Student: 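The structure under discussion is supplied below as structure tokens; questions concerning it will follow.
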Amino acid sequence: ISEINGPDSGGDYTVVAQDILALASDERAQAPVFSQGRLAADITATDTTLILSPAGIGNAEYPASGWVTVGSEIMRFTRVNDTLAIARGVLGTQAATHSVNDTAQLGFRPFNQRADIVISDLLVNYAKIPTAWIPTAEWAAEMERWGSTLLLNAMICQPTSVVELLSEISQLGLTLWWDEEAQLIRLRMN
């Protein structure tokens, strides 16, 4: 239930309901999530480490390894506490100097992953849809039969709406819908 109105002059109430996929439309459902970490100091184009601030943000928000964007530069990293060991200027970007307090934004990087796995990741980890509503074995069987070569490679550098990302994936020939009778999210190749 997303809205209840009433009573009107006749004593009637109006109830507006949405299916579970509406969670992917929520403005908080973004991949990657907004990162709060910032550079604790300036870095040059040749530095191979950076320190995050505020203290403790590394353990709170950043995985042990992954991708981070500072300015327009993408970096691959491994992390220990608030210190990131970084590979500079990856995925076609250029190593550059960056200033204290620049945002260190985590990236979302599916690499050679089948579409069903990426969709499940987006729905569960970013839209917060319970796994009980995602029949992963059914999805995998559908992809094995019709879409086994449909592998996704992307780098999402800034928080982007999950529904927008799902729409882009759907353009590859997938349909995703809520089956209210079975209480499951269905996926089919077109």
Side-chain angles (χ1 to χ4, degrees), residues 1-37 57-69 74 79 91 103 105-190:
I1 296 175
S2 61
E3 189 177 328
I4 299 175
N5 297 311
D8 62 14
S9 60
D12 294 327
Y13 287 85
T14 303
V15 177
V16 177
Q18 297 176 328
D19 69 42
I20 197 65
L21 286 171
L23 291 175
S25 299
D26 188 332
E27 63 187 36
R28 294 170 300 211
Q30 296 184 338
V33 296
F34 176 75
S35 299
Q36 297 183 53
I57 196 74
N59 291 335
E61 287 191 10
Y62 293 76
S65 64
W67 303 86
V68 67
T69 301
I74 299 171
R79 181 191 57 78
L91 299 177
T103 300
Q105 175 61 52
L106 280 173
F108 176 67
R109 174 97 168 111
F111 181 73
N112 283 340
Q113 290 184 319
R114 267 194 348 233
D116 59 313
I117 295 168
V118 175
I119 291 169
S120 180
D121 185 16
L122 288 169
L123 293 176
V124 171
N125 296 314
Y126 298 95
K128 306 302 182 199
I129 292 176
T131 57
W133 292 333
I134 301 172
T136 52
E138 176 185 301
W139 288 14
E142 178 75 4
M143 294 304 294
E144 285 297 325
R145 182 168 185 199
W146 302 108
S148 62
T149 61
L150 182 57
L151 302 177
L152 303 181
N153 292 298
M155 178 63 191
I156 311 302
C157 298
Q158 298 298 323
T160 304
S161 164
V162 168
V163 76
E164 180 180 333
L165 295 173
L166 292 174
S167 176
E168 290 181 18
I169 294 170
S170 293
Q171 292 177 28
L172 300 173
L174 293 159
T175 300
L176 195 68
W177 76 97
W178 174 245
D179 179 343
E180 62 275 354
E181 290 182 21
Q183 297 289 290
L184 295 172
I185 299 171
R186 302 291 191 187
L187 178 144
R188 292 290 183 268
M189 291 292 299
N190 296 339

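Note that the structure is a prediction, hence the values are computed from the model and not measured.
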Student: Once rounded to the nearest 0.5 Å, what's the spacing between atom CH2 of W177 and atom CG of L187?
Tutor: 7.5 Å
Student: If you round to the nearest 0.5 Å, how far is CG of L91 from CH2 of W67?
Tutor: 4.5 Å
Student: What is the minimum heavy-atom distance between G37 and E61, and which atoms define it?
Tutor: N-OE1, 4.1 Å
Student: Is any side-chain heavy atom of P159 less than 4.5 Å from a side-chain heavy atom of Q105?
Tutor: yes
Student: Considering residues at least two apart in sequence or located in another chain, which fulfil the side chain to side chain donor-acceptor pair (under 3.5 Å) criterion with R79?
Tutor: N59
Student: What is the minimum heavy-atom distance between Y13 and I4, and which atoms define it?
Tutor: CD2-CG2, 4.3 Å
Student: Can you give me every donor-acceptor pair (side chain of residues 128-135, partner residue at least two apart or in another chain, under 3.5 Å) with its distance?
Tutor:
unit_1, atom_1, unit_2, atom_2, d
K128, NZ, N125, O, 2.9

Student: State the CH2-CD1 distance between W139 and I185, to the nearest 0.5 angstrom.
Tutor: 5.5 Å
Student: Please step through side-chain contact (heavy atoms from CB on, under 4.5 Å) for the pair M155 and F111, ending with a clear verdict.
Tutor: CA-CA 8 Å; M155 178 63 191; F111 181 73; over 6 Å; no
Student: Salt bridge (charged side-chain N to carboxylate O under 4.0 Å, His left out): which pairs involve residues 162-179, sequence neighbours left out?
Tutor: D179-R186
Student: Does the side chain of D121 come within less than 4.5 Å of F108's, by heavy atoms?
Tutor: yes
Student: Considering non-hydrogen atoms only, spot the tightest contact between A127 and A29 and give its length.
Tutor: CA-CB, 3.9 Å
Student: With the side chain counted from C-beta on, respond yes when Q113 and L151 share a heavy-atom pair under 4.5 Å apart, and no when they do not.
Tutor: no
Student: Atom CE of M189 and atom CG of L174: how far apart are they, to the nearest 0.5 Å?
Tutor: 5.0 Å
Student: Say you draw a straight line from CG of L166 to CG of L21; how long is it, rounded to the nearest 0.5 Å?
Tutor: 8.0 Å
Student: More than 12 heavy atoms of other residues, nucleotides or ligands under 6.0 Å from CD of E27: yes or no?
Tutor: no
Student: Ignoring hydrogens and angles, tell me if any N or O in the side chain of R109 forms a donor-acceptor pair with the backbone of I156 under 3.5 Å.
Tutor: no
Student: Write down the atom of S161, the atom of A24, and the distance for their closest heavy-atom approach.
Tutor: OG-O, 4.2 Å
Student: Looking at R28, I want to see if its CZ is surrounded by more than 12 non-hydrogen atoms of other residues, nucleotides or ligands under 6.0 Å.
Tutor: no
Student: Go through the steps to decide whether T160 and Q30 satisfy the test side-chain contact (heavy atoms from CB on, under 4.5 Å), and finish with yes or no.
Tutor: CA-CA 5 Å; T160 304; Q30 296 184 338; over 6 Å; no
Student: Ignoring hydrogens, what is the shortest heavy-atom contact between T136 and S120? Give both atom names and the distance.
Tutor: CG2-OG, 4.1 Å
Student: As an exercise, state the distance from CG of L106 to CD of Q158, rounded to the nearest 0.5 Å.
Tutor: 11.0 Å
Student: Pair L176, I169 - check side-chain contact (heavy atoms from CB on, under 4.5 Å), show working.
Tutor: CA-CA 10 Å; L176 195 68; I169 294 170; over 6 Å; no
